[in-house]
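By convention in this document, chain letters (A, B, ...) are assigned in the order of the sequence lines, proteins followed by strands, and residues within each chain are numbered from 1. Quick note: numbers below take in every heavy atom, side chains included, and nothing from hydrogens, waters or symmetry partners.
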2 protein chains.
Amino acid sequence: MEFDTSSPIWLQLVTEFSRRIVTGEWGQGQRIPGVRELALRLGVNPNTVQRALGEMERDGLCRSERTSGRFVTDDSQRISTLRRALVTEAADDYIRVSRGLRMEVSDAVALIDERWNHHDMADLDRARTEA
Amino acid sequence: MEFDTSSPIWLQLVTEFSRRIVTGEWGQGQRIPGVRELALRLGVNPNTVQRALGEMERDGLCRSERTSGRFVTDDSQRISTLRRALVTEAADDYIRVSRGLRMEVSDAVALIDERWNHHDMADLDRARTEA
DNA sequence: ATTACTGTACTATGTGCTTAATACATTAGG
DNA sequence: CCTAATGTATTAAGCACATAGTACAGTAAT
């Protein structure tokens, strides 16, 4: 995975892990890979993964059983709350920038519509390149 | 001004100063306040402002005349390019998150429409509090 | 009991960000 | 000429982040 140098890696990991929980990639109640394995696959230090998962545990998104591993929370409401939080945060960020640039709602919305397909093409390009 | 601890202040300053140029708050060709004055008003160190403006100068957004001060670029095309870059970057960020969360375009667009008014109310609240 | 795996804790090192405090060169204004 | 203001450069200190390496405690499987 690729990381941005302009924000702490452990924070980017919190975002990525949260995304995995919301999408079901890490299913409700399922076991999460160990910190060492995750660190190896992500190309970061185990301590950095530990930091990220520690924060998420503080928020009740997962729990650790000291010897058998870490598990996604069983509370489905917590997961849907997380989903709503992630989505609205992203939307508000976009709105904040758009309004700061003195845009109109209609233009802001039109731009999303327009760029959404660009991302489709980017996905196709990536698939073609990796094939 | 308030700053986020999760990314370098000089980077947040680049964003803020860019916004001021795009909105005309800092007009094309106009003089920019000195690093010491900006630092004082923003509550940061002059070196941090210097770092931010140095980066923007590298991108041709402003120029410095060694003794009389710094000035916004005269190139209006550069400013409109900057505007486009800031807007599309924000839109793409939102799209990336939304798609990562497996949302549909229609939902992503609807959310912008919905939250836009919430921001209106937040503005009204702030105006009322400051009055 | 032994082995292997889990989370957790700790030290040490290097790097970048931020602040503080100077110092210098240049030029506009008086 | 002299003063004030400009951008610029430098050094030192403190802090958070990331990495590496090591170690400990608890449990499941053998």
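Between the side chains of A/Asp75 and A/Thr73, no donor-acceptor pair is found at a separation under 3.5 Å.
For B/Asp74, the salt bridge (Lys or Arg N to Asp or Glu O under 4.0 Å) partners at least two apart in sequence or on another chain are B/Arg63. Residues satisfying the side chain to side chain contact (heavy atoms under 4.5 Å, CB included) criterion with B/Ser7, sequence neighbours excluded, are B/Gln12.
For B/Arg84, the CZ atom sits in a loose shell: 12 or fewer heavy atoms of surrounding residues, nucleotides or ligands are nearer than 6.0 Å. Around the CD atom of B/Glu104, the shell of radius 6.0 Å holds no more than 12 heavy atoms that belong to other residues, nucleotides or ligands.
Looking at heavy atoms from C-beta onward, B/Thr48 lies out of side-chain contact with B/Phe3 at the 4.5 angstrom threshold. Between A/Leu53 and A/Leu38, some side-chain heavy-atom pair lies under the 4.5 Å cut-off.
Note that OG1 of A/Thr88 and CG of A/Asp93 are 9.5 Å apart. Values are rounded to the nearest 0.5 Å. In this structure, B/Gln77 CD and B/Ile79 CD1 are separated by 11.0 Å, a value rounded to the nearest 0.5 Å.
Residues of residues 62-70 of chain A having a heavy atom closer than 4.0 Å to DNA chain D, listed by number: A/Thr67. Against DNA chain D, the stretch residues 43-56 of chain B makes heavy-atom approaches under 4.0 Å through B/Asn47, B/Gln50.
Summarising the geometry, the separation between CG on A/Leu38 and C1' on C/dT6 is reported as 13 Å, rounded to the nearest angstrom. Regarding A/Asp4, its CG atom lies at a distance of 11 Å from the P atom of D/dA18, rounded to whole Å. Across the protein-nucleic acid pair, A/Phe71 atom CZ and C/dT6 atom P stand 11 Å apart, rounded to whole Å. As rounded to whole Å, 7 Å separates atom P of D/dT6 from atom CD of B/Glu37. As a whole-Å value, the separation of B/Ile32 CD1 from D/dT6 C1' is 13 Å. Atom-to-atom, CH2 of A/Trp10 to P of D/dT19 comes out at 14 Å; the value is rounded to the nearest Å. With rounding to whole Å, A/Ile9 atom CD1 is found 16 Å from C/dT15 atom P.
Nearest-nucleotide positions on DNA chain C place B/Ser7 closer to the 5' end than the other of B/Ser7 and B/Arg36.
The two atoms that bring B/Gln28 and B/Ser76 nearest to each other are OE1-CB, 3.6 Å, heavy atoms only.
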Could you list the donor-acceptor pairs under 3.5 angstrom formed by side chains in residues 19-27 of chain B, with sequence neighbours left out?
unit_1: B/Arg19; atom_1: NE; unit_2: B/Glu16; atom_2: OE1; d: 3.2
unit_1: B/Arg19; atom_1: NH1; unit_2: A/Gly100; atom_2: O; d: 3.4
unit_1: B/Arg19; atom_1: NH2; unit_2: B/Glu16; atom_2: OE2; d: 3.1
unit_1: B/Arg19; atom_1: NH2; unit_2: B/Glu25; atom_2: OE1; d: 3.4
unit_1: B/Arg20; atom_1: NE; unit_2: B/Glu16; atom_2: OE2; d: 2.8
unit_1: B/Arg20; atom_1: NH2; unit_2: B/Glu16; atom_2: OE2; d: 3.4
unit_1: B/Thr23; atom_1: OG1; unit_2: B/Arg19; atom_2: O; d: 3.1
unit_1: B/Thr23; atom_1: OG1; unit_2: B/Arg20; atom_2: O; d: 3.3
unit_1: B/Thr23; atom_1: OG1; unit_2: B/Glu25; atom_2: N; d: 3.4

Look for any protein N or O under 3.5 Å of an N or O in nucleotides 12-14 of chain D and output each such pair with its distance, or none.
none

